[in-house]
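Just follow the structure's listing: the first ligand is 1, and inside any ligand the first atom is 1.
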Amino acid sequence: MDRLRADCARCFALCCVAPAFAASTDFAIDKPAGVPCPNLLPDFRCGIHDGLRGRGFSGCAVYDCFGAGQQVAQVTFGGRDWRRAPETAPRMFAVFAVMRQLHELLWYLTEALALPAARPVHAELRAALDTTEGLTNGTPDALLALDVAGHRHAVNVLLRRASDLARAGQRRLDRGGADLAGADLRRADLRGASLRGACLIRADLRGADLGLADLTGADLRGADLADADLSGALFVTQSQLDAAHGDAATRLPGSRRRPAHWSV
Ligand code: SF4
């Protein structure tokens, strides 16, 4: 769905201003919330866009707002940017934090609706999609008053049911939330596993079979996916792939792109 893809040209660089950064391997600097990144240009473009990873800003290279930025900029705030209307800035940044969560849910719900095995919950998924869509069109006041955590929880229950249906008949290894940072998972049979929220930072997944594995929210930063099979994996975001390493032999799910920094 196009509206769930970031369109930076229609945004006011909200992700470069609204969140705080902590200096780390992902961000070269500390930056308080609500303060523009020093690399941000007056026209809302990034001054180091072509060299983000080399300059220590790999967190920016993998960030995805799921289209929340342009929704806030063009719809919620009607195209008035925070530079020309600085009085709107605090509310715009707070709304962006809510909108990003709603757009992320829209992305997951859309993915779940594409799973034939989840047909028994398709009607509920569609209803949740419609409700969430409606929320994204709310006013700033309505968005700021929203119990977004409660809405996320309700949708997550549904997404888990969709995942269970899709993975029925598989081994269903449950490593949800597991700390697998740096784990040696070379050629591991992870078919049908739940890896929801698992920490797979720098895990060695070369040659692993992740068919129908649920990777919702798994942290794949620096994980090695060379020759791994993710073609049937569930809920894999482009951002997760962008944060990992892989090669020409990595099999990707659906319409995901092979990241340019992967080895060939
Ligand atoms: S480095 Fe560029 S993309 Fe990252 S926050 Fe700064 S301006 Fe935005």
Side-chain angles (χ1 to χ4, degrees), residues 1-104 106-107 136 140 143-144 148 199 201-202 217-223 236-246 255-262:
M1 203 201 287
D2 276 354
R3 72 168 292 218
L4 302 182
R5 287 203 193 96
D7 182 354
C8 302
R10 298 177 61 230
C11 180
F12 304 140
L14 296 176
C15 62
C16 305
V17 187
F21 297 166
S24 63
T25 52
D26 294 330
F27 297 106
I29 55 167
D30 285 318
K31 181 191 87 57
V35 173
C37 169
N39 296 316
L40 186 64
L41 300 174
D43 64 359
F44 300 118
R45 287 183 303 122
C46 171
I48 59 166
H49 178 73
D50 293 333
L52 284 169
R53 289 177 190 274
R55 301 279 290 268
F57 286 86
S58 58
C60 302
V62 307
Y63 180 79
D64 189 357
C65 73
F66 298 96
Q70 68 259 26
Q71 178 74 12
V72 172
Q74 302 301 332
V75 179
T76 322
F77 285 85
R80 289 182 75 217
D81 71 68
W82 52 267
R83 284 203 207 274
R84 284 182 300 160
E87 70 282 2
T88 64
R91 275 157 61 80
M92 189 182 294
F93 301 155
V95 165
F96 175 62
V98 175
M99 190 70 78
R100 201 240 176 220
Q101 296 182 67
L102 295 176
H103 271 237
E104 185 178 31
L106 288 176
W107 186 88
T136 67
L143 285 156
L144 292 174
V148 70
C199 176
I201 295 174
R202 288 187 298 282
D219 192 339
L220 288 167
R221 283 177 292 168
V236 181
T237 66
Q238 186 62 48
S239 176
Q240 285 173 306
L241 297 174
D242 290 344
H245 300 294
S255 57
R256 301 313 167 268
R257 297 183 312 275
R258 193 170 305 277
H261 70 278
W262 282 15

Considering heavy atoms of the protein only, find what lies nearest to [atom] and give residue, atom and distance to 0.1 Å.
atom	answer
atom 6 (Fe) of ligand 1	C37 SG, 2.4 Å
atom 4 (Fe) of ligand 1	C60 SG, 2.3 Å
atom 2 (Fe) of ligand 1	C46 SG, 2.3 Å
atom 8 (Fe) of ligand 1	C16 SG, 2.3 Å

Might you confirm whether atom [atom1] of [X] has over 12 heavy atoms from other residues, nucleotides or ligands at distances under 6.0 Å?
X	atom1	result
R80	CZ	no
R55	CZ	no
R45	CZ	no

Practice task
Would you mind running through ligand 1 and noting each atom that sits below 4.0 Å from a heavy atom of F21?
Solution key: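 Within the 4.0 Å cut-off of F21, ligand 1 contributes 5 (S).
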
Exercise for the section: Identify, by atom number and element, the atoms of ligand 1 in contact range of L40, meaning under 4.0 Å from any of its heavy atoms. Expected result: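 By the 4.0 Å cutoff, the relevant atoms are 7 (S).
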
Problem - Distance (rounded to the nearest 0.5 Å) between K31 NZ and N39 CG - result: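 Here the rounded value is 11.5 Å.
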
Handout entry: Main-chain N/O of P140 paired to R91 side chain as donor or acceptor, under 3.5 Å
Key =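 No: the side chain of R91 does not pair with the backbone of P140.
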
Exercise for the section: Return yes when L41 approaches ligand 1 closer than 4.0 angstrom through a heavy atom, no otherwise. Expected result: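 No, L41 has no heavy atom closer than 4.0 Å to ligand 1.
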
Practice task
Determine whether any heavy atom of Y63 lies closer than 4.0 Å to an atom of ligand 1.
Solution key: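 In this structure, Y63 fails to qualify as a contact of ligand 1 - no heavy atom is under 4.0 Å.
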
Handout entry: For L143, the option from V98, T136, V148 that meets side chain to side chain contact (heavy atoms under 4.5 Å, CB included)
Key =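 Single pass found, and it is V98.
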
